[in-house]
Asks: 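Here's a structure for you.
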Amino acid sequence: MSSSTKPAILSALAFLSLFFSIALSSCSDDFNNKAKDVNITNCKELTTLGAEFGWNHTSSGPNGTKVRIILGARLQSEMGWLAWGVNPGKSPQMVGTRAVIGIRQQNKSLVIKTYNIPKDTKLGCQLLPSDNIGVEVSNAKIEYVQKTRYLVIHATMILPLEKYNISELNHVWQVGDYAEDMQPKMHPTALQNVDSTETIDLGNGHAHSVGHHRRHLRMVHGILNMVGWGTLLPIGVIIARYCRRHPINLHHYWFVLHAGCQITGYVLGTTGWAIGLWLGHASKYYTFHTHRLLAIFIFTFTTLQMLALRFRLKENDDYRKHWNMYHHFLGYALLATIAVNIFQGIAILEPNDRTWKSAYIGILGSLAAITLAFEVFTWAKFYKLKRSKNAPPPNKPSNPQT
């Protein structure tokens with residue numbers, strides 16, 4: 001390994017190590033006031049679903065810890081449910097969670113019950129309330145703010161010390177859109193819903209989460225593909241089309257720039273694609289089939305296009321004209337597919353945030369404006385040359401008679 005690459009790798013590893021720690025972020029004033037009303041002083045904004053979480057904990061004898069919690073989140077509609085629970089297993093996950101779920105029903109009534117979430121819930125089986133969940137729950141209450149559709153639940157739990165460590169407590173939160181009577185129905189399968197778990201230290205509020213680490217990797221995946229596939233490859237195509245003769249004549253340097261853009265874009269895009277494959281393999285509960293298939297198509301045929309740098313036919317080859325047609329058509333088809341798949345990825349990553357979408361629309365708009373300007377200049381130059389060739393030669397003046 002060269003000395004120049006070591007600092008870059010160490011910096012990247014140091015940056016990635018930050019993904020495992022989640023700093024406490026303050027809650028809203030309204031939620032803080034609600035927490036103080038029930039004598040809860042610790043508060044933090046959770047990493048997904050816009051949820052806010054408050055807690056206090058005290059000893060409850062030699063065998064248990066008394067934990068008071070409050071959780072709030074905004075519902076997507078007038079009806080929905082909000083859940084919080086703890087998992088005695090090795091990792092924070094939905095299956096096996098002992099939960100308190102508050103429901104706002106279609107008739108606007110409010111109910112709150114305790115639930116033991118089995119594995120069958122993932123298969124769509126009914127989730128029914130249970131009084132025996134292995135955790136003592138008391139003072140469970142639910143509130144709803146009509147103006148903001150903000151649902152709040154709070155409760156007191158006695159956690160057995162042999163199963164729950166308050167320094168590494170696996171807790172889960174969730175927001176759903178629909179319920180029948182006291183049966184909360186399946187929540188959305190967006191990434192925010194899947195990532196709504198973490199392991200928290202109730203002593204200081206610090207938490208770590210696999211989902212938090214994956215969210216940062218998804219952002220790296222998206223940025224690499226937007227820059228590599230979605231920006232540098234189109235720039236390379238623009239250079240190949242408009243920098244050989246006119247409107248810009250770079251002589252033989254056009255190919256160096258074209259190849260440089262394509263190689264750099266391919267390396268960045270392939271790195272992002274590999275991260276995407278790892279993320280897909282690590283995701284047990286969801287798969288984005290269309291996004292995945294388009295990504296495999298893009299990588300496969302972009303790799304085929306890159307082979308042209310080594311195996312393209314010579315200028316005087318009889319099949320060079322047909323090869324050019326294939327190379328150009330496949331290139332343009334790939335650019336269209338790349339744009340579609342990037343928008344697919346943005347919809348998966350940030351469905352309610354237009355920042356990524358606006359940024360990429362800006363990139364595409366800039367590239368389209370440059371292409372249009374070059375194309376107009378090229379055709380104008382072409383017609384000017386054509387008219388000059390077809391124009392009749394000027395009449396020569398006849399010699400005067402002497």
Side-chain angles (χ1 to χ4, degrees), residues 27-28 30-40 42-57 66-87 92-118 121 126-159 169-188 190 192-193 196-198 200:
C27 298
S28 64
D30 290 341
F31 187 79
N32 266 323
N33 292 334
K34 288 185 178 297
K36 290 176 182 178
D37 289 341
V38 291
N39 297 319
I40 290 178
N42 299 307
C43 183
K44 65 176 287 186
E45 183 180 354
L46 296 175
T47 55
T48 63
L49 302 173
E52 297 175 295
F53 176 58
W55 74 96
N56 275 347
H57 73 280
K66 182 179 180 180
V67 178
R68 288 187 296 174
I69 65 97
I70 181 170
L71 180 75
R74 186 176 181 271
L75 300 181
Q76 295 298 316
S77 63
E78 292 292 328
M79 180 176 61
W81 54 268
L82 178 65
W84 182 87
V86 291
N87 194 310
Q93 60 180 353
M94 178 185 71
V95 176
T97 294
R98 279 64 167 159
V100 177
I101 301 180
I103 302 173
R104 189 173 195 267
Q105 298 175 331
Q106 196 165 12
N107 61 7
K108 299 183 180 180
S109 62
L110 299 172
V111 295
I112 185 167
K113 295 289 182 179
T114 55
Y115 297 78
N116 191 359
I117 303 177
T121 306
Q126 291 183 341
L127 179 60
L128 298 173
S130 172
D131 294 329
N132 184 17
I133 62 171
V135 173
E136 182 183 337
V137 179
S138 60
N139 300 323
K141 296 181 181 179
I142 179 172
E143 301 176 36
Y144 181 73
V145 181
Q146 179 74 36
K147 184 178 179 180
T148 57
R149 297 204 301 268
Y150 200 79
L151 190 64
V152 178
I153 59 174
H154 49 91
T156 300
M157 290 185 172
I158 305 296
L159 303 181
L169 184 66
N170 299 323
H171 76 123
V172 178
W173 63 97
Q174 193 56 258
V175 178
D177 300 331
Y178 184 66
E180 288 183 357
D181 195 19
M182 290 183 289
Q183 301 175 25
K185 296 300 181 181
M186 183 65 182
H187 59 75
Q192 286 206 24
N193 296 86
S196 56
T197 67
E198 66 181 18
I200 186 172

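Model, not experiment: these values are computed from the prediction.
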Asks: Rounded to the nearest 0.5 Å, how far apart are CE of Met182 and CD1 of Ile103?
Replies: 8.0 Å
Asks: Roughly how far apart are Thr156 OG1 and His57 NE2, rounded to 0.5 Å?
Replies: 14.0 Å
Asks: Do other residues, nucleotides or ligands put more than 12 heavy atoms under 6.0 Å from Asn33 CG?
Replies: yes
Asks: Checking Leu110 against Leu151 for the side chain to side chain contact (heavy atoms under 4.5 Å, CB included) test, could you report, in this order, the C-alpha distance in whole Å, the side-chain angles of both residues, the deciding distance, and whether it holds?
Replies: CA-CA 10 Å; Leu110 299 172; Leu151 190 64; 4.3 Å; yes
Asks: So, the side chain of Ser196 versus the backbone of Gln174: is there a donor-acceptor pair under 3.5 Å, distance only?
Replies: no
Asks: Just by distance, do the side chain of Glu143 and the backbone of Val152 share a donor-acceptor pair under 3.5 Å?
Replies: no
Asks: Can a salt bridge be assigned to the pair Glu78 and Arg104 using a cut-off of 4.0 Å between side-chain N and carboxylate O?
Replies: yes
Asks: We want to know whether Thr197 and Trp173 form a side-chain donor-acceptor pair, criterion being a heavy-atom distance below 3.5 angstrom.
Replies: no
Asks: Please confirm whether His171 and Phe53 have ring centers closer than 6.0 angstrom.
Replies: yes
Asks: Judged by atom type as modelled, is there a donor-acceptor pair below 3.5 Å linking the side chain of Asp177 to the main-chain atoms of Ser77?
Replies: no
Asks: Are Glu136 and Lys66 within salt-bridge range, i.e. N to O under 4.0 Å?
Replies: no
Asks: For the atom pair CD1 (Ile133) and OG1 (Thr114), what is the distance rounded to the nearest 0.5 Å?
Replies: 4.5 Å
Asks: What is the distance from atom CD of Gln183 to atom CH2 of Trp81, rounded to the nearest 0.5 Å?
Replies: 13.0 Å
Asks: Between Trp55 (side chain) and Cys43 (backbone), is there a donor-acceptor pair under 3.5 Å?
Replies: no
Asks: Nearest heavy-atom pair of Ile40 and Ile69: which atoms, and what distance?
Replies: CD1-C, 3.7 Å
Asks: Does the side chain to side chain contact (heavy atoms under 4.5 Å, CB included) test come out yes or no for Asn56 and Asn42, once each step is laid out?
Replies: CA-CA 6 Å; Asn56 275 347; Asn42 299 307; 3.4 Å; yes
Asks: Does Asn139 use its side chain to pair, donor to acceptor, with the backbone of Ala155 at less than 3.5 Å?
Replies: no
Asks: Before you tell me yes or no, could you show the steps for Ser28 and Asp30 under side chain to side chain donor-acceptor pair (under 3.5 Å), namely the whole-Å CA-CA distance, both residues' side-chain angles and the distance that decides it to 0.1 Å?
Replies: CA-CA 5 Å; Ser28 64; Asp30 290 341; 5.6 Å; no
Asks: Can a donor-acceptor pair be found, under 3.5 Å and without considering hydrogens, that links the side chain of Arg149 to the backbone of Leu75?
Replies: yes
Asks: For Glu52, is there an ion pair with Lys44 - N to carboxylate O distance below 4.0 angstrom?
Replies: no
Asks: Counting neighbours of NZ on Lys185 that are heavy atoms of other residues, nucleotides or ligands and sit closer than 6.0 Å, is the number greater than 12?
Replies: yes
Asks: Before giving the answer on side chain to side chain contact (heavy atoms under 4.5 Å, CB included), spell out for Tyr150 and Phe31 the whole-Å C-alpha distance, their side-chain angles and the decisive distance to 0.1 Å.
Replies: CA-CA 10 Å; Tyr150 200 79; Phe31 187 79; 3.7 Å; yes
Asks: Walk me through whether Ile70 and Lys34 qualify under side chain to side chain contact (heavy atoms under 4.5 Å, CB included).
Replies: CA-CA 9 Å; Ile70 181 170; Lys34 288 185 178 297; 4.2 Å; yes
Asks: Looking only at heavy atoms, what is the nearest atom pair of Arg68 and Asn39, with distance?
Replies: NH2-O, 3.2 Å
